[in-house]
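In what follows, every heavy atom counts, from backbone to side chain, and hydrogens, waters and symmetry copies are set aside. The structure presented is a predicted model; accordingly, all values stated were derived computationally and were not measured. Lettering follows sequence order; numbering is per chain, from 1.
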Amino acid sequence: MARRYWLMKSEPETFSVEDLARAPKKTTGWDGVRNYQARNLLRDEIQVGDGVLFYHSSADPPGVAGTAEVARAGYPDPTQFDPKSNHYDAEAKRDEPRWYMVDIKHAQTFPALVPLPLLRGTPALRDMVLLRKGSRLSVQPVTADEWKTIVALGTKR
DNA sequence: GCCAACGTTGGC
DNA sequence: GCCAACGTTGGC
C-alpha cells in the first residue's frame, strides 16, 4: 500500500517536536488519544512508515513544527488500564481494549515552524482537515499533495 | 481569559 | 431517540 500521511497535534509545553528529537531512539508512544474518530485512525489506518506532520497546538503561533514517521502501527494504549493515569478508562477491558496508540519516530525539525496563518494563506491547502471550521481532531489525515506542500514550506530557507 | 465548536452523557 | 447540560479543544 502507498505511504499515507497524517497530522498529529501536541501542545509543545507538554511534548514538542524537540522533545521527540531528544527522546530515546527519537521515538515516542502517541498515547492518551480519547476520541473515537482518532482512535479508528490509530487502530485501523495508520501504518509503519507513514508520514506524520507534527503540529504544535495552543502555541504562539500554532503550526507544523516538523515531521515524524510511524514506527509501530496501532496497539492497545496501556494507559487506559492504569488507574493512576490521567487517561484511565474504567470501562476499558484488557480483552476488549477501547483505545489505541501508535509509535512515531522523529524525522525532521523544520528550520522554522510553518505557522497556522501561512497554512491558511496557502491555496493548495484550502481543503485541509486542519483548516476546517471547528475541526478539533488530534489525529487527522493529510493528502500527499498537502504533505508535499507543507514539507516544502518547512524546509525552504 | 474568552468563547465557538464539538463530543459525550444522561434524564426523560 | 431527543436534546440540554456539561466538559474539552484550541485559536485568538
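- Note on residues 108-120 of chain A: pairs passing side-chain hydrogen bond (donor to acceptor under 3.5 Å, both in side chains), not counting sequence neighbours, are His106(A)-Thr109(A).
- Side-chain polar atoms of Tyr100(A) and Asp44(A) form no donor-acceptor pair below 3.5 angstrom.
- Inter-residue side-chain proximity for His56(A) and Val17(A) is flagged as met; some heavy-atom pair is nearer than 4.5 Å.
- Looking at Arg34(A) and Thr79(A), their side chains do bring a donor and an acceptor atom within 3.5 Å of each other.
- Tyr36(A) and Trp99(A) have their aromatic ring centers within a separation under 6.0 angstrom.
- In the 5' to 3' direction, nucleotides of DNA chain B lying under 4.0 Å from heavy atoms of chain A begin and end at dA5(B) to dT8(B).
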